[in-house]
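We use all heavy atoms of the structure for the numbers below, so side chains are in, but hydrogens, waters and symmetry mates are not.
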Amino acid sequence: MPEHSAIAYLFPGQGSQYVGMGRELYDNFPAARAVFEEADEALGFALSRIVFAGPEETLKLTEHTQPAILTVSIAAARVLTPALAERGRTPAMAAGHSLGEYSAHVAAGTLSFADSVRAVRLRGRYMQEAVPAGEGAMAAILGLDAGLIQVICEQVSDQLTPLPKTPEAEGFDARLAVVSAANLNSPGQTVISGAVGAVERAAALCKEAGAKRTVMLPVSAPFHCALMQPARDALARDLVALEFRDPKFPVAANVSASLVFGGAAARDALIAQVTGAVRWVECIHLLMARGATHFVEVGPGRVLSGLMRQIQGKDAAVPVLNVEDGASLEKTLAGLSGS
């Protein structure tokens with residue numbers, strides 16, 4: 001592929017799902033239909049039925065949502081990539097937001113789809129089970145510098161942690177003081193995660209510090225923070241047992257905002273991201289610095305496209321396209337023609 005036309009795939013994470021996603025691909029593209037059929041076989045139940053017909057509450061269960069988004073994303077990729085190849089093009093690099101990092105590695109050939117869809121279902125289950133319902137929380141902080149947000153989180157953790165060898169320290173549960181930046185999504189949007197009381201306190205202080213808005217999110221668990229350590233430990237045991245190959249094209253790792261070129265490094269990054277922050281802004285800047293000239297969001301929704309507009313600002317130099325159905329596929333292929 002010519003250096004002047006480097007395509008970067010972006011794969012969405014949890015929150016992009018909707019009932020009926022991927023159905024048009026399933027109905028019209030044999031390669032996409034094969035992905036859904038492989039998912040159903042690998043999982044031992046009809047995930048496709050949940051994706052296409054819901055109900056929404058069933059699809060929103062984390063252990064269903066994660067394999068569902070992965071499946072739709074890979075169905076889209078397996079339609080898009082051959083279409084690009086027919087035009088003499090291939091993806092040059094990729095990134096995925098949280099769960100989407102798995103999709104990126106499947107697309108890059110690092111992991112088999114069957115292994116990945118089983119792994120992310122367990123990942124969803126482990127994350128759900130890591131923290132009892134009602135004890136964890138996440139909040140979106142809008143319009144405040146990410147560095148200041150992290151400082152506030154650290155202050156809250158310090159304030160909630162009693163001094164050693166004091167009566168309060170005896171029997172203190174350190175998990176109650178956990179709060180940290182979990183998703184650095186755009187310059188104006190950072191999500192924090194941790195224990196309910198700590199998140200609420202940090203959100204209030206962020207508002208006092210000048211945040212435009214703070215929004216408690218309707219999530220089932222506090223993702224990407226230290227409270228996810230049990231999930232990380234369980235998932236690590238599963239991923240160590242899987243075959244990881246060197247990716248065909250580099251994938252940006254959420255936790256380090258660096259490119260991964262080897263299978264072992266890919267596994268380590270996927271394990272670390274369970275408790276680590278998603279450094280999405282840095283990942284996007286990295287891909288741009290590596291020469292990405294076009295971004296294509298591959299999978300359901302346009303959440304990442306919206307974040308891209310925020311990251312690039314008014315002077316958006318890199319076009320953002322998407323593929324989630326036949327119409328968007330044709331539009332994207334047209335947008336890439338002649339570039």
Side-chain angles (χ1 to χ4, degrees), residues 10 12-17 60 62 95-100 127 130-131 133-161 174-228 252 254-257 273-286 288 297 301-316 320:
L10 303 179
Q14 196 160 336
S16 296
Q17 73 277 359
K60 283 171 63 177
T62 302
H97 192 284
S98 187
L99 161 72
M127 293 170 90
V131 180
E135 292 187 9
M138 300 182 77
I141 311 299
L142 308 178
L144 193 64
D145 177 74
L148 178 55
I149 292 171
Q150 186 57 41
V151 169
I152 290 172
C153 287
E154 292 169 359
Q155 289 177 342
V156 168
S157 292
D158 288 344
Q159 291 168 1
L160 293 177
T161 303
R175 293 175 298 177
L176 297 175
V178 170
V179 59
S180 60
N183 304 98
L184 293 93
N185 288 331
S186 74
Q189 183 191 123
T190 298
V191 175
I192 62 175
S193 180
V196 172
V199 169
E200 291 176 344
R201 175 64 177 156
L205 290 176
C206 285
K207 193 73 168 67
E208 291 180 14
K212 292 180 181 177
R213 289 180 64 205
T214 62
V215 183
M216 298 298 293
L217 301 178
V219 295
S220 56
F223 305 128
H224 298 291
C225 75
L227 296 180
M228 288 289 108
N254 287 179
V255 294
S256 63
Q273 64 143 247
V274 178
T275 53
V278 176
R279 296 164 59 182
W280 190 247
V281 176
E282 293 171 84
C283 285
I284 295 301
H285 285 312
L286 171 68
M288 293 172 68
E297 182 171 3
R302 300 206 64 189
V303 171
L304 300 183
S305 299
L307 293 180
M308 276 297 306
R309 287 191 292 272
Q310 296 176 34
I311 292 169
Q312 294 198 82
K314 295 179 181 178
D315 302 322
V320 186

Inset, instruction - Mark yes or no for whether Q17, through its side chain, and G15, through its backbone, hold a donor-acceptor pair below 3.5 Å. - result: yes

Inset, instruction - Answer yes or no: is there a donor N or O on one side and an acceptor on the other, between the side chain of N254 and the main chain of H97, under 3.5 Å? - result: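 A pair under 3.5 Å: no.
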
Nearest heavy-atom pair of [X] and [Y]: which atoms, and what distance?
X    : Y    : answer
S180 : H224 : OG-O, 4.4 Å
V255 : R279 : O-NH1, 3.0 Å
M228 : V274 : CB-O, 3.4 Å
L286 : A257 : CD2-O, 3.4 Å
L184 : A277 : CD1-CB, 3.9 Å
T62  : S220 : OG1-OG, 3.0 Å

Please list every donor-acceptor pair under 3.5 Å in which a side-chain atom of residues 193-205 meets a protein atom from a residue at least two apart or in another chain.
residue : atom : partner : partner atom : Å
S193    : OG   : P222    : O            : 3.3
S193    : OG   : F223    : N            : 3.4
S193    : OG   : F223    : O            : 2.8

Inset, instruction - Step through the shown structure and confirm whether more than 12 heavy atoms of other residues, nucleotides or ligands are within 6.0 Å of CZ on R175. - result: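 Counting other residues, nucleotides and ligands, CZ of R175 stays at 12 neighbours or fewer.
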
Legend entry - Among V215, V278, N185, V219, side-chain contact (heavy atoms from CB on, under 4.5 Å) partner for V191: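 Output: one option passes, namely N185.
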
Does [X] reach the side chain of [Y], with side-chain heavy atoms less than 4.5 Å apart?
X    : Y    : value
Q310 : V281 : no
V320 : Q312 : yes
E297 : M308 : no

Rounded to the nearest 0.5 Å, what's the gap from [atom1] on [X] to [atom2] on [Y]? Could you check?
X    : Y    : atom1 : atom2 : answer
M216 : I192 : CE    : CD1   : 7.5 Å
M127 : T275 : CE    : OG1   : 9.5 Å
D158 : C153 : CG    : SG    : 11.5 Å

Inset, instruction - Under the side-chain contact (heavy atoms from CB on, under 4.5 Å) rule, what do Q189 and N183 come out as? Steps first, then yes or no, please. - result: CA-CA 8 Å; Q189 183 191 123; N183 304 98; over 6 Å; no

Going by atom type alone, with no hydrogens or angles, which donor-acceptor pairs under 3.5 Å involve a side-chain atom of residues 133-152 and a protein atom two or more places apart or on another chain?
residue : atom : partner : partner atom : Å
D145    : OD2  : G147    : N            : 2.9
D145    : OD2  : L148    : N            : 3.1
Q150    : OE1  : A181    : N            : 3.2

Inset, instruction - Please lay out, stage by stage, how I284 and L10 fare under the test side-chain contact (heavy atoms from CB on, under 4.5 Å). - result: CA-CA 9 Å; I284 295 301; L10 303 179; 3.9 Å; yes

Inset, instruction - Name all pairs fulfilling the salt bridge (Lys or Arg N to Asp or Glu O under 4.0 Å) condition that reach into residues 208-219, sequence neighbours left out, sorted by first residue then second. - result: none

